[in-house]
Amino acid sequence: MNPELITFLMLVTLIGLIVLGYPVAFVLGGLAAIFGLTFVGPEVINMFMLRLFNNMGNYILLAIPLFVFMGVIIEKSGLASRLYDAAYVILGKLRGGLAVSTLFTCTVFAAATGVIGASVVTMGLLGLPSMLKYKYDKPLATGSICAGGTLGILIPPSVLILIYGPLAGLSVGKLFMAAFIPGLVLAVLYVAYVLVRCYLNPDLAPSLPPDHPDLQVSWQRKAYLFTTSILPVAVLIIAVLGSIFFGVAAPTEAAGVGALAAMLLALAYKQLNLQNLKEAVYSTMTISCMIYLVLIGAGFFTGVFINVGGDEVVKSLVLGLPLPNWGILLVMFFILFIMGMFIDWIGVLMIAVPLFTPIADTLGYNPLWFAMMFIVVMQTSFLTPPFAYSIFYLKGIAPPEVTTGHIYRGVVPFIILQGVGLLLLALFPQLILWLPGLMR
């Protein structure tokens, strides 16, 4: 059988089974075994063992459970509620102040957790009731929570970046630094949109009355909230990202520092008890095992796919399109966007990174710049229906009067804003490349 037909069968079967809802890890590993034994032969077992050893021996991947543990401990410490309370007091007088407070909290929380589930669920429980109480527009309120929550997959320490780096053969430390400014750019775009829209239409998000008791807070109280709620997170972020930026520690060691700092923070907030520690360890084990299983299955699948010539087939097909380089880039991002609407993010990552990274290299794009553009497009997969994690998370904890339709309408403007962010990153690549270029 020719390589083109084998490639077609492998990709169609893979995407079909994932869309049907079968576990990504077992789909990848199972198809690798079936196609490998059929078209490569029994020697494919040796290749599987070598891939397994390489994955499990990858030192960078040790950072995954450490960063996950750090995020879970921070969630258990009640840090998000403290952040939200501080932002609420400081920004409550603005039109749309509660939505801006939510976006601010999500941005800071993203830099301390690296996952979206904790941000969306926590802010859904903290921010949504407050916004509904003060008659905020439901789509605006829910869209702000979903969009802010997805920043956790971009702003370091992002679990997605931890997986992307080894897959693409890039430094995770440099990817972390490259992602920091794009994440802030998107956060600023979100906040600017909320402020402008609420200024033009005050009925969408009424400002709190000046005599509201929550706003009658002295500067001493505000300083106390800043010191106890915002400053500790800033120290935690600097401890993790600063150690990477200045070359003091690699991402894995920095993850260990972050996990220790998170435990000390929880201890300071009197939340480091046996029950919270037990739940954090269990959650860390569950999430990490899921990620490692997918990585192992993806390693098997990629090995077979390359062995049968699938990578060359896809590369020739895409590069053969009658389009300029930027046109081919747009085609890849469009495919990525569509895949994100229907397939789990980790499945998209495992399929697309081995296929698209060599094509981007051939076209001459900077690997770090392409990686960040890729990850920002991937971020939209958490907002685009029907397969959108942030929408599922928020709907699961939202009150009955908030419908799925409200959330769908709410995320649309933020998806458009991500397109604006992508355009800015394309026009000004130094937004991505400046920080990594300063690293020691």
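Count residues from 1 along the sequence.
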Subject >> Sequence neighbours excluded - side-chain hydrogen bond (donor to acceptor under 3.5 Å, both in side chains) pairs with any residue from residues 285-307 >> reply: none
Subject >> Polar contact flag, side-chain donor to acceptor under 3.5 angstrom, Gln379-Thr150 >> reply: yes
Subject >> side chain to side chain contact (heavy atoms under 4.5 Å, CB included) partners for Asn366, two or more places apart >> reply: Leu368, Trp369, Leu433
**OP:** Rounded to the nearest 0.5 Å, what's the gap from CD1 on Ile407 to NZ on Lys395? Could you check?
**Re:** 6.0 Å
Original post:
In chain order, what residues pass the side chain to side chain contact (heavy atoms under 4.5 Å, CB included) check against Leu37, with sequence neighbours excluded?
Top reply: Val44, Ile45
Original post:
Among all residues two or more places apart in sequence or in another chain, which pass the salt bridge (Lys or Arg N to Asp or Glu O under 4.0 Å) test with Glu312?
Top reply: none
Subject >> Residue list, ring pair (Phe, Tyr, Trp, His ring centres under 6.0 Å) with Phe337, at least two apart or on another chain >> reply: none
**OP:** Heavy atoms only: give me the nearest Leu103-Ser144 pair and the separation to one decimal.
**Re:** CD2-O, 3.3 Å
**OP:** Identify, with sequence neighbours excluded, every residue that meets ring pair (Phe, Tyr, Trp, His ring centres under 6.0 Å) alongside Phe180.
**Re:** none
Original post:
Should the pair Phe414 and Tyr193 be assigned to parallel (<30°), tilted (30 to 60°) or perpendicular (>60°) ring geometry?
Top reply: perpendicular
Original post:
Which is it for Phe305 and Phe35 under the ring-ring contact (aromatic ring centres under 6.0 Å, His included) test, yes or no, and what are the steps along the way?
Top reply: CA-CA 9 Å; Phe305 192 76; Phe35 282 90; 9.6 Å; no
**OP:** Drop me the distance from Ile287's CD1 to Ile64's CD1, to the nearest 0.5 angstrom.
**Re:** 11.5 Å
Original post:
Closest approach of Phe176 and Pro157, non-hydrogen atoms and distance?
Top reply: CZ-CA, 3.8 Å
Subject >> Interatomic distance, Met373 atom CE to Leu422 atom CG [nearest 0.5 angstrom] >> reply: 5.0 Å
Original post:
Once you round to the nearest 0.5 Å, how far does OG1 of Thr404 lie from CZ of Arg409?
Top reply: 11.0 Å
**OP:** Starting at CD1 of Ile416, measure out to CG of Leu189 and round the result to the nearest 0.5 Å.
**Re:** 12.5 Å
